Amino acid sequence: MATTIERPPTGSLAPRRRLASIVKSPAFARVLFPISVLVFWLASIAVIRNIWPFAVDVLPTPLEVADAMWGEIIDPFVGGIQAPTRENVYFTFYRSLIRLGIGFGIAMSLGTIIGLGMGLSRKVDAFFHDWVMAVLAMPALAWALFGSLAFGFGNTGPVFTVVLAGIPFVIVNVREGVRNTPRELFDMATAFHVPGNRITRHVLLPSLMPFFFAAIRYAFSIGWKGLVIAEVFGGQDGAGWTIKFYYDAHRAHGVVGYAFFFIIFALALEKFVFEPWSRRVFKWRPNIAATAVVEKAFAAGGAGAAIAAATLITQVDAVDFIDEEDEPKRIDVDEPDDHEE
Amino acid sequence: MATTTDNAATRVTGEELARRARRKELRDRWMWRILGYVAVLGAWEFVSGRFLEEALLPGPTRVIRTFGEIWSSGKLPGAFADTLTRLFIGFGLSFIIGAVIGIISQNRWWEGYFRDATLVGLTAPGLIWALITAIVFGNRIWGPLLAIIFTTFGLVTVNVYEGVKSLPKELMDMSRAFHVPGAIRQRHIVVPHLAPFLFTGMRFGFSIAWKVTVLTEVFSSSSGIGFEMRVSSQLFQMDEFLTWILAFFLFALFLEKVVLQAFENRFFRWRQAVSAQ
C-alpha cells in the first residue's frame, strides 16, 4: 500500500498537509512506538496508584529505572550499600561474554565435526540424528538447572549450558551445508585432477559459508539466552546473575533496567555485528536466489522463524536446512519431497 | 543364453538390485539408529554411579522408576493440567496478538509502528520477561501469561508478515478495482493466503512457548511442571528433576510434532488434493 503522500519538490504545500505526510510516514510510526510504550507505562502507574492498588506488587517508574541504569553505567562499582563486590554493567557483560565465547567455541568445533560426519555418512547421520533433535528441543532451563547442580557455582555450569544449547544448531547447519555442496563441481574438479586441498578451499568452503554463518548466528543467540538462565542458577557473577540479584533484592527498577541492557545488547549485536557481517558474507554471490532467501529471512529477525515460511514460497534446496532446524520430523531422508509443492 | 532372455533377465535383476540396495540402506539406517540409542542410553547409564554420583546423574532406569513413583503419587496430572492451562491461554492470546499485528502490517504505518516491538520480542531472552512479570505481578495469573505473550508473539508476527509480503498483488489490485469492501478482501484473499504462514508461526511459537511457560513457573508459580522442577532441584533430588523435565519434554514434543502436525495436515487437505490433480 504505497499510498503515502509523496513530498513535493518545493514548499508549495500548506504546512498542514506536510505535517500530515510526516504523521503518515512509517518512520514516524516507528518513533511513536517507544513513546506510546512510555505513555502506557505512566498511565498504568497512575491507574495502579489511584484506582486498582492491589493489581500488582510493584511497578517502578521510568525515572527510577533510568536512574538504576545510569548508576550501572557510570559507577565503577555500584551499590556499596547492598554488596560491595558487585560490579557494574561492563564487568558483568564482559564476564558473561567470556563464558559465551568459550562455550560457543566448544560448540562450534564439536558441532562442526559431528555435522561433517553426519553430512558425509548416512550411518553417522542415523546414529546421531534423533539425539541431536532431542537436544535441540530441550529447554535451556533443564541444562541450566542440571549444570548448576552437577557442577556447582562457577563457570562450568553456564559454559555447559551454552554448549548444549548451541551445538544442535551448528550440527544441523553444517550437515545441511555438506549436503548442499554442488555435486557437479566436485565431479568436475576430480575430473580435471584438482588437488584435494584446492577442492576444499574453492568448492567445499564457499558453499559451506552461508551455513556456517547461520550456525554462528543461531548458536550465538540461543547460547546467549541459555547462558543468562544458567547464570541465574549456577553463576556467581555475570549479567544473568546480576538481574537475579536485583530480583532477589526485590528491586524492580533494577530488574527492568537490566532487562533494558539485555534488549540493547541483543539489538546492538544484531545491528552492528550480524547484519553487516551477513552483508559481507553474502556479497560475493548476490544473484543466487537461495542465498537471497537465506539473507532475507535472517534480516527478518534472526530467530529463524520467517525462514521456514520463506521456503514455502521459494522451493530452493539451499534453504531447506532452515526448514529442518525447527521441524526435525521433516528431515527424514526417505521422503525428501515432503515440503509443500 | 539367448540375448532376449538375457536382456529381460538383466532388467529384472537391475530392478531387483535397486530394490535390494534400498532395502539394505533402510536396514542400515535403522541399525545405526538403534545403535545410537543403545550407545547414548548405555553411556548415560554407565556414567551414572561411576563417574558422576547417582545422586547427581541418575541413569535412565532410575528415571523410569521415579516416573512410576511420581505417577502413582498422583501429582503428575495436576501439574500437567496447571502448566497446560497456562500454556494454552498464554499462547492462544499470543497467537492472536501476533497474527493481528502481522495482518495489520499490510499497512506500512503499522508495520513501522510494530517493527521494533517485533524485533525486541524476537531477540530478548525469555528470562527477562519471566523475571519482570514475576516481580511486578507476584504470583498472580497475569505474570506467566504476559511473559509467554512477550516472548512468542514476535515469532508469529514475523511469520505472518512474511506471508503479507508475498500477498498476490493481482488479486488485491483487482479487488480494489472492483470496490470489494476491506473486510471481505481480508476474509477472502488475505487470510487464505496467510493460512500456511499462520501455521508455521503457530508451530514455532509453540515450541518456544512451552519452554517459557516452564521457565516462568520456576519463578512465579506454586504449581506446574516448572514449580516441581524447582522444588526437586532445590531438594537436590536429581532423579525427580530429570523425570519431571523429561516427562514434559516428551509430552510437548508429542503436541508439537504429532498433534499440531496432524491438525495442519487436516487443515490443508484441500491443498494436497489440488496438487494431486
Side-chain angles (χ1 to χ4, degrees), chain A residues 1 4 24 26-30 32-34 56-59 122-123 126-131 137-142 145-146 149-150 221 224-225 228-229 232 240 243-244 247 250 252 255-256 259 262-263 266-267 270 300-303 305-306 308-310 312-313 326-327 329 334 340-341, chain B residues 25 28-29 32-33 35-37 40 52 56-57 106-120 122-128 131-132 134-138 154-155 158-159 162-163 166 196-197 200-201 203-204 207 211 214-215 218 229 233 236 238 241 245 249 253 257 261 275:
Chain A
M1 262 190 231
T4 46
K24 279 185 182 171
F28 175 78
R30 205 171 166 184
L32 196 66
F33 176 74
V56 300
D57 283 355
V58 48
L59 192 59
R122 296 204 154 186
K123 290 171 183 167
F127 188 86
F128 282 110
H129 178 271
D130 292 0
W131 292 100
M138 200 72 168
L141 173 69
L145 277 173
F146 175 75
L149 293 185
S221 66
W224 169 250
K225 290 176 182 179
V228 290
I229 295 177
V232 163
I243 195 171
K244 181 72 157 82
Y247 176 77
H250 215 262
V255 174
V256 179
F262 277 112
I263 293 173
L267 291 184
E270 193 63 26
L312 290 173
I313 321 165
D326 291 282
E327 305 180 42
K329 283 292 163 189
D334 305 321
E340 307 203 32
E341 293 295 333
Chain B
E25 201 189 296
D28 260 15
R29 275 192 70 80
W32 281 93
R33 179 179 248 178
L35 216 66
Y37 278 85
V40 173
L52 280 172
L56 271 182
L57 182 68
Q106 289 170 71
N107 186 320
R108 280 182 48 223
W109 198 88
W110 287 110
E111 196 261 317
Y113 187 81
F114 283 114
R115 170 182 274 177
D116 291 331
T118 315
L119 194 59
V120 167
L122 281 174
T123 48
L127 175 75
I128 65 171
L131 287 179
I132 290 179
I135 205 165
V136 170
F137 291 98
L155 278 167
V158 161
N159 275 291
E162 201 63 32
S166 69
F197 298 93
T200 316
R203 245 179 311 128
F204 286 142
S207 68
K211 293 170 191 170
V214 174
L215 183 65
V218 168
M229 274 170 67
S233 77
F236 238 101
M238 284 307 288
F241 169 76
I245 184 64
F249 170 73
L253 274 193
K257 305 297 173 205
Q261 190 72 52
S275 69

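All chains are named by letter (A, B, ...) in the order of the sequence lines, taking the proteins before the strands, and each is independently numbered beginning at 1. The shown structure was predicted, so the numbers you read here are calculated from the model rather than taken from an experiment.
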**Message:** Could you report the tightest heavy-atom contact between F241(B) and A142(A), atom names first, then the distance?
**Reply:** CZ-O, 3.8 Å
**Request:** Write down the atom of K24(A), the atom of W109(B), and the distance for their closest heavy-atom approach.
**Result:** O-CD1, 3.2 Å
**Request:** Identify which part of F146(A) has an atom lying under 4.5 Å from any heavy atom of chain B, answering side chain, backbone, both or neither.
**Result:** both
**Prompt:** Does the pair F249(B) and M138(A) meet the rule for a side chain to side chain contact (heavy atoms under 4.5 Å, CB included), with working shown?
**Reply:** CA-CA 7 Å; F249(B) 170 73; M138(A) 200 72 168; 3.6 Å; yes
**Message:** Measuring from atom CZ of R33(B) to atom NZ of K123(A), what distance do you get when rounded to the nearest 0.5 angstrom?
**Reply:** 16.0 Å
**Item:** chain B interface, residue from V255(A), L149(A), V232(A), V256(A) that has the most non-hydrogen pairs under 4.5 Å
**Value:** L149(A)
**Message:** I need the residue from F262(A), Y247(A), W131(A) with the largest number of non-hydrogen atom pairs under 4.5 Å to chain B.
**Reply:** W131(A)
**Prompt:** Under 30°, 30 to 60°, or over 60°: which ring-plane class applies to F33(A) and Y113(B), parallel, tilted or perpendicular?
**Reply:** perpendicular
**Asked** Any ion pair linking D28(B) and R122(A) (charged N to carboxylate O, less than 4.0 Å)?
**Response** no
**Item:** Closest non-hydrogen atom pair, L253(B) against A137(A)
**Value:** CD2-CB, 3.7 Å
**Asked** Quick one: what part of I245(B) sits under 4.5 Å from any heavy atom of chain A, side chain, backbone, both or neither?
**Response** side chain
**Request:** Might you point out which heavy atoms bring P125(B) and V228(A) nearest each other, and give the distance in Å?
**Result:** CB-CG2, 4.1 Å
**Request:** I would like to know whether L131(B) and I243(A) meet side chain to side chain contact (heavy atoms under 4.5 Å, CB included); could you show each step before the answer?
**Result:** CA-CA 8 Å; L131(B) 287 179; I243(A) 195 171; 3.6 Å; yes
**Request:** Pick one of side chain, backbone, both or neither for F128(A), based on which atoms fall under 4.5 Å of a heavy atom in chain B.
**Result:** neither
**Request:** Return the minimal non-hydrogen interatomic distance between L122(B) and K225(A), and the atom names on each side.
**Result:** O-NZ, 3.0 Å
**Complete:** Note: L141(A) and L215(B) closest approach over all heavy atoms is CD1-CD1, 3.6 Å
**Message:** One pair to check against side chain to side chain contact (heavy atoms under 4.5 Å, CB included): D116(B) and L267(A). What are the steps and the verdict?
**Reply:** CA-CA 10 Å; D116(B) 291 331; L267(A) 291 184; over 6 Å; no
**Request:** To the nearest 0.5 Å, tell me how far L119(B) CG sits from E270(A) CD.
**Result:** 6.5 Å
